[in-house]
Amino acid sequence: MVPRMNERAGSGGERAGRPAGPEPGLCRACRFRREVITGKGSRFILCERSRTDSRFPRYPELPVLTCRGFRRENGP
């Protein structure tokens, strides 16, 4: 099962221009996250660390509250 940030963009429940869905937790500020949006508007958080380290799930279950690979996007 792949966790989703929301079901479909524009399906209601939008806040501040972003579709409703689970909060990503640490992923929101991580330099290794990439947001993937499908052609149908579904959004996913992809962990780029999963490409080189199998200990990290490709699509982590949200919200991520602890992660040994977390690195702040604009910091150390």
Side-chain angles (χ1 to χ4, degrees):
M1 183 173 108
V2 177
R4 297 182 213 182
M5 286 181 58
N6 73 325
E7 287 298 317
R8 189 177 282 178
S11 63
E14 293 185 21
R15 34 173 204 230
R18 287 190 7 228
E23 290 297 320
L26 287 175
C27 293
R28 176 184 303 275
C30 184
R31 69 173 59 167
F32 298 108
R33 76 136 197 328
R34 186 173 60 139
E35 188 171 349
V36 176
I37 304 173
T38 68
K40 292 184 178 181
S42 295
R43 294 176 179 227
F44 302 90
I45 296 287
L46 171 69
C47 178
E48 294 285 357
R49 282 214 157 189
S50 67
R51 294 182 188 273
T52 57
D53 190 333
S54 63
R55 294 176 296 173
F56 297 96
R58 187 169 183 183
Y59 295 100
E61 186 173 340
L62 303 177
V64 173
L65 302 178
T66 61
C67 179
R68 69 180 145 215
F70 173 77
R71 298 294 179 273
R72 189 161 298 283
E73 193 166 33
N74 295 320

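Along the sequence shown, the residues carry numbers beginning at 1. The model shown is predicted, which means the values in this text are computed figures rather than measured ones.
- When every heavy atom of Cys67 is checked against every heavy atom of Phe56, the shortest pair comes out as SG-CE2, 3.9 Å.
- Between Tyr59 and Leu46 there is a side-chain heavy-atom pair separated by less than 4.5 Å.
- To the nearest 0.5 Å, the span separating CZ on Arg71 from CG on Leu26 amounts to 11.5 Å.
- The shortest non-hydrogen separation linking Glu73 to Arg33 is OE2-NH1, 3.4 Å.
- Judged as a salt bridge (Lys or Arg N to Asp or Glu O under 4.0 Å), and not counting sequence neighbours, Arg49 has no contacts.
- In this structure the side chain of Glu23 never reaches within 4.5 angstrom of the side chain of Leu62, judged on heavy atoms.
- In the hydrophobic clustering of this structure, Phe70 does not group with Phe32; members are Ile, Leu, Val, Met, Phe, Trp, Tyr whose side-chain heavy atoms approach within less than 4.5 Å, directly or through other members.
- Not a single side chain to side chain donor-acceptor pair (under 3.5 Å) links Arg68 to another residue, sequence neighbours left out.
- In this structure, Pro60 and Cys27 have side chains that are in contact, with non-hydrogen atoms separated by less than 4.5 Å.
- Under the salt bridge (Lys or Arg N to Asp or Glu O under 4.0 Å) criterion, Arg34 pairs with Glu48, not counting sequence neighbours.
- In this structure, Glu61 and Val64 approach most closely via the heavy-atom pair O-CG2, 3.6 Å.
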